[in-house]
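Below is one structure, written out as structure tokens; the observations come after it.
Just follow the structure's listing: the first ligand is 1, and inside any ligand the first atom is 1. These values consider heavy atoms only, across backbone and side chains, with no hydrogens, waters or symmetry-generated copies.
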Amino acid sequence: MSDLSLFLGQFLRRPSEIRAIAPTGRATAREMARLITPEMEAVAEIGAGTGTITQAILARGLPAERLELYELNAAFCSRLRQRFPGALVHNLPAQEMVNVGRRGLDAVISGVPTLPMPDDLQAAIVGAALGMMKPGAPFVQITYGPVAPLSEPVRARFGLRHVKSRRIWANLPPAQVYVFRQTA
Ligand SMILES: C[S@@+](CC[C@H](N)C(=O)[O-])C[C@H]1O[C@@H](n2cnc3c(N)ncnc32)[C@H](O)[C@@H]1O
């Protein structure tokens with residue numbers, strides 16, 4: 001089955017978890033992966049889906065062994081394990097990464113749909129990620145909405161500043177990439 005068919009089939013079963021009808025397009029995936037360098041020691045991707053952004057991360061030259069993936073959906077995890085045998089795939093919600101993951105992450109790349117989530121769930125996810133990241137490391141978040149994908153109270157709670165990309169129209173739906181960093 002193609003990635004598109006798998007993605008659409010899972011979206012129809014679990015629309016509130018997946019929130020997009022198609023995998024991220026290539027231009028957006030490249031923007032999501034832009035800050036990744038081959039020298040990074042450890043990177044996590046959360047909400048990896050069928051692996052479009054994963055592919056872009058590895059195309060930046062990061063060895064697959066330094067990449068950990070967290071994905072809620074078991075069918076997507078099977079696809080990720082087939083496509084990226086060198087990467088470690090966890091069939092777990094991102095907010096549980098603190099229990100299993102590598103510390104000292106150089107970046108977290110997030111396809112998890114945070115915008116529609118309540119503040120306590122946003123905080124659980126970003127708090128778990130920040131707890132595993134090096135100080136000042138980027139938390140890169142895709143969004144389809146018109147506002148920042150982490151709420152103002154959540155950003156204030158964790159001392160997050162952000163920069164955002166232009167809107168990428170060649171994506172279904174059009175997307176934007178936010179880079180959040182914790183200030184000292
Ligand atoms: C919009 S899709 C993006 C998939 C993929 N990153 C892409 O760009 O095509 C959102 C993904 O986040 C996953 N997801 C939702 N909530 C999650 C959570 N709390 N932890 C991990 N994955 C989650 C969904 O199962 C889905 O695969």
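For D3 and R83, the salt-bridge test passes: some basic side-chain N is under 4.0 Å from an acidic carboxylate O. The existence of a salt bridge linking R155 and E152 is excluded, since no basic side-chain nitrogen approaches an acidic carboxylate oxygen closer than 4.0 Å.
Looking only at atom types and distance, the side chain of T114 has no donor-acceptor partner in the side chain of Q122 under 3.5 Å away.
Annotation: the span from I57 atom CD1 to R34 atom CZ amounts to 13.5 Å, rounded to 0.5 Å. Note that the CG atom of L150 and the CZ atom of F139 stand 6.0 Å from one another [nearest 0.5 Å].
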What does the N/O contact table under 3.5 Å look like for ligand 1?
| residue | atom | partner | partner atom | Å |
| --- | --- | --- | --- | --- |
| ligand 1 | 6 (N) | G47 | O | 2.7 |
| ligand 1 | 8 (O) | T24 | OG1 | 2.4 |
| ligand 1 | 9 (O) | T24 | N | 2.9 |
| ligand 1 | 19 (N) | Q95 | OE1 | 3.1 |
| ligand 1 | 20 (N) | A94 | N | 2.8 |
| ligand 1 | 22 (N) | L72 | N | 3.4 |
| ligand 1 | 25 (O) | E71 | OE2 | 2.6 |
| ligand 1 | 27 (O) | E71 | OE1 | 2.8 |
| ligand 1 | 27 (O) | E71 | OE2 | 3.2 |

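The aromatic rings of F7 and F76 sit parallel to each other, their planes meeting at less than 30°, with 60° as the upper class boundary.
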